[in-house]
Amino acid sequence: MKFEFKFIDKKQGSIKDDVLSGLTVALALVPEAVAFAFVAGVSPIVGLYGAFMMGLVTSIFGGRPGMISGATGAMAVVMVSLIKQGNEMGAPGEMMGLQYLFATLILVGIIQMSAGFFKLGKFIRLVPHSVMMGFVNGLAIVIFLSQLNMFKSGGEWLSGGPLFTMLGLVAGTMLIMIVLPKISKAIPAALVGILVISGVVILGGIETETVKSFIQAGGGSGIKAGLPSFDVPMIPLTLETLKFIFPYALILASVGLIESLMTLNLVDELTETRGSGNRECVAQGAANMVNGFFGGMGGCAMIGQSIINIKSGGRHRLSGIVASIALLVFILFASSYIEMVPIAALVGVMFMVVIGTFAWSTFNVMNKIPVSDLIVIILVTVLTVIFDLAIAVLAGVIVSALVFAWENALRIRARKSTDEHGIKHYEIYGPLFFGSTTLFNSKFDVQNDPAEVIIDFKESRIMDQSAIEAINKLAERYQKEGKTIHLRHLSIDCIKLIRKAEKICDVNIVEDPNYFVAIDNYKRMLS
């Protein structure tokens with residue numbers, strides 16, 4: 001019998017699945033939120049508040065049921081410089097960096113909500129599949145590398161007995177997650193793994209790193225706190241303040257939306273359903289704005305926790321709501337119990353996320369896809385690991401677009417023939433745009449052509465202003481030689497943009513195509 005490991009079950013989740021998967025995600029959110037808070041240079045409670053509010057707002061109002069949002073490393077890296085400069089702008093000892101962060105998050109919310117209202121979320125469809133593969137591969141590697149830090153104690157790598165204990169507990173968690181689904185799927189394997197390993201550590205008195213020791217190692221005292229409270233950021237309301245926070249807000253908004261929309265696309269593929277990118281933009285913005293007013297560090301969609309949720313059976317909004325409320329309950333009432341959870345159990349769960357996230361099919365298609373697509377996959381993967389997701393995705397899209405333009409530029413061709421009347425015909429095939437105009441012009445022999453020439457665009461399409469100008473210049477070259485040129489099968493708006501169109505364009509209402517040309521001066525087309 002063939003062994004097949006299915007990390008994602010595409011079945012529709014139940015209320016029980018949503019509740020149990022939500023609890024699993026809540027446990028996995030704690031060390032992630034704390035770790036990213038340390039990265040940003042803020043209190044662990046600020047990170048936990050951020051995860052709670054991001055998760056709750058986006059679960060209720062977001063465009064992708066089952067997707068989990070919270071404090072993320074991609075945004076935390078940007079916050080480091082913001083908080084540092086904010087502290088320097090305040091008076092000595094004031095530590096104003098956190099207040100500037102909260103104000104920036106409010107502006108981030110406005111930008112992200114505007115993106116949703118103006119329906120900019122649809123542009124995520126322009127991301128090619130090769131970029132998507134590089135994205136998931138890069139994030140899988142980033143998640144894996146981030147978990148390696150859990151193998152440290154007091155800044156030093158574990159060794160000897162503590163290392164073998166940690167490895168054994170991690171392996172035990174992973175084994176449970178692999179074997180349990182083959183026996184029963186009644187309870188999420190990740191939750192069972194965390195509970196079983198926690199029980200083994202607590203009842204067996206095993207010395208290993210726990211959530212509490214992890215927080216203390218970072219300088220925190222614990223995760224117990226009260227409810228987040230409303231407060232307006234205490235910063236000077238001046239133009240200088242806006243100039244300072246706006247660039248950070250724009251970067252954070254962009255990084256957050258790109259990561260969220262890419263994660264949305266991935267969850268769509270895993271569940272074979274479709275979410276709303278524009279609605280998710282609005283929800284992400286609202287969540288970050290709430291964080292700004294209630295003292296959270298903000299964030300965006302989390303691919304690791306989203307996959308844990310989907311893997312555990314969470315499919316509906318209830319799973320994210322339960323995860324967020326459970327996280328708040330941990331903070332308010334159950335901090336002492338959560339702090340006893342061994343880090344090894346959570347690392348084991350995240351290692352399984354890495355295995356499930358990485359696009360292993362990349363190795364199977366490497367010699368079957370175009371070299372350009374393979375280069376894009378590798379480029380996006382490497383840039384995601386070295387820099388961040390936003391840079392990687394933008395670079396991947398730009399490279400893919402340039403490759404597409406280059407390949408289409410080579411597709412322009414002309415079939416030449418001369419009829420019984422001595423008239424030469426050029427039948428153009430392929431798109432005419434900025435990248436193909438040079439090759440297009442090389443197809444014509446103006447000096448040696450007969451006195452009358454017909455250029456037929458029936459199998460071509462005029463794409464942009466560069467194409468229009470190429471046609472105009474070609475017509476001028478023929479006219480300077482005293483030759484008559486006819487242009488056929490151009491769209492109506494093309495004809496409006498051709499100089500001396502009434503003399504050289506043959507209009508056929510029945511056969512002529514109808515499409516618009518992408519030009520800078522749209523009013524010119526309507527005149």
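Taking F135 as the reference, nothing meets the ring-ring contact (aromatic ring centres under 6.0 Å, His included) condition, with sequence neighbours excluded. With sequence neighbours left out, Y49 forms a side-chain hydrogen bond (donor to acceptor under 3.5 Å, both in side chains) with no residue at all. Applying the salt bridge (Lys or Arg N to Asp or Glu O under 4.0 Å) test to D268 and every residue at least two apart in sequence or in another chain returns R64. Contacts of F118 classified as ring-ring contact (aromatic ring centres under 6.0 Å, His included), with partners at least two apart in sequence or in another chain: none.
Counting heavy-atom neighbours within 6.0 Å of K152 NZ, excluding the residue itself, gives a total above 12. No more than 12 heavy atoms of other residues, nucleotides or ligands lie within 6.0 Å of CD1 in I187, so this atom counts as exposed by the packing criterion. Within a 6.0 Å radius of NZ in K119, other residues, nucleotides and ligands contribute 12 heavy atoms or fewer.
By the 30° and 60° cut-offs, the orientation of the rings of F358 relative to W360 is tilted.
Side chains of F214 and N149 form no contact here, defined as non-hydrogen atoms less than 4.5 Å apart. Side-chain contact between V354 and Q147 is absent, with no heavy atoms from C-beta onward closer than 4.5 Å. Contact check for E269 versus M132: side-chain heavy atoms found under the 4.5 Å cut-off. Taking 4.5 Å as the limit, some side-chain heavy atom of T263 sits within range of a side-chain heavy atom of E259. Side-chain contact between P342 and I197 is present, with heavy atoms from C-beta onward closer than 4.5 Å. The shortest side-chain heavy-atom distance between F151 and V170 falls under the 4.5 Å cut-off. Side chains of Y100 and N87 form no contact here, defined as non-hydrogen atoms less than 4.5 Å apart. Between L120 and C281, every side-chain heavy-atom pair lies at or beyond the 4.5 Å cut-off.
Contact record, G435 with A409: O-CB, 3.0 Å, taken as the closest heavy-atom pair. Across G256 and S260, no two heavy atoms sit closer than the pair O-OG, 2.7 Å. In plain terms, the two heavy atoms of A40 and M297 that are nearest each other are CB-CE, 3.9 Å. Annotation for T58 and G55: closest pair OG1-O, 3.4 Å, computed over non-hydrogen atoms. Between A287 and M54, the closest heavy-atom pair is CB-SD, 3.5 Å. When every heavy atom of Q284 is checked against every heavy atom of S69, the shortest pair comes out as NE2-OG, 2.9 Å.
Rounding to the nearest 0.5 Å places CD of Q112 at 4.0 Å from CG of L257. From I178, atom CD1 reaches atom OG1 of T173 across 11.0 Å, with rounding to the nearest 0.5 Å. Distance check: M75 CE to L105 CG gives 6.5 Å after rounding to the nearest 0.5 Å. Separation of atoms CD (Q216) and OG (S213) is listed at 7.0 Å; rounding is to 0.5 Å. Here the straight-line distance linking atom CG of N288 with atom CD1 of I110 works out to 11.5 Å at 0.5 Å rounding. Rounding to the nearest 0.5 Å places CD of E209 at 7.0 Å from CE of M166.
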Before you tell me yes or no, could you show the steps for D17 and S14 under side chain to side chain donor-acceptor pair (under 3.5 Å), namely the whole-Å CA-CA distance, both residues' side-chain angles and the distance that decides it to 0.1 Å? CA-CA 5 Å; D17 292 333; S14 63; 3.1 Å; yes
Could you please spell out the steps behind the side chain to side chain donor-acceptor pair (under 3.5 Å) verdict for E339 and S335? CA-CA 6 Å; E339 289 171 357; S335 60; 4.6 Å; no
With side-chain contact (heavy atoms from CB on, under 4.5 Å) as the criterion, how do L252 and M79 come out once you've worked through the C-alpha distance, each side chain's angles and the decisive distance to 0.1 Å? CA-CA 8 Å; L252 287 170; M79 294 174 186; 4.3 Å; yes
Take V341 and T210 through the test side-chain contact (heavy atoms from CB on, under 4.5 Å) and record every step on the way to the result. CA-CA 6 Å; V341 173; T210 62; over 6 Å; no
Walk me through it: do M150 and M350 pass the test side-chain contact (heavy atoms from CB on, under 4.5 Å)? CA-CA 11 Å; M150 305 298 182; M350 295 308 294; over 6 Å; no
Give the intermediate values and the outcome of side chain to side chain donor-acceptor pair (under 3.5 Å) for residues E207 and T165. CA-CA 8 Å; E207 289 290 331; T165 300; over 6 Å; no
Checking F330 against L27 for the side-chain contact (heavy atoms from CB on, under 4.5 Å) test, could you report, in this order, the C-alpha distance in whole Å, the side-chain angles of both residues, the deciding distance, and whether it holds? CA-CA 9 Å; F330 295 163; L27 290 169; 4.0 Å; yes
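When ring centroids are compared, F351 and F144 come within the 6.0 Å threshold.
Counting only residues at least two apart or on different chains, the side chain to side chain donor-acceptor pair (under 3.5 Å) pairs with a member in residues 361-385 are N137-T362.
Remark: side-chain polar atoms of T24 are paired, donor with acceptor, to backbone N or O of L20 under 3.5 angstrom. Under a 3.5 Å cut-off, the side chain of N291 and the backbone N or O of F102 do not form any donor-acceptor pair. The backbone N or O of S59 sits less than 3.5 Å from a side-chain atom of R317, completing a donor-acceptor pair. Looking at S43, its side chain does come within 3.5 Å of a backbone N or O of I45 through a donor-acceptor pair. Between the S319 side chain and the H316 main chain, a donor and an acceptor come within less than 3.5 Å of each other. Between the side chain of Q305 and the backbone N or O of V25, no donor-acceptor pair lies under 3.5 Å. In this structure, the side chain of T104 does not engage the main chain of A249 through any donor-acceptor pair within 3.5 Å. Between the side chain of S324 and the backbone N or O of L56 there is at least one donor-acceptor pair closer than 3.5 Å.
Applying the side-chain contact (heavy atoms from CB on, under 4.5 Å) test between I307 and each of I303, N309, I310 identifies I303 as the sole match.
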With a cut-off of 3.5 Å and sequence neighbours excluded, list every side-chain donor-acceptor pair involving residues 154-164.
none

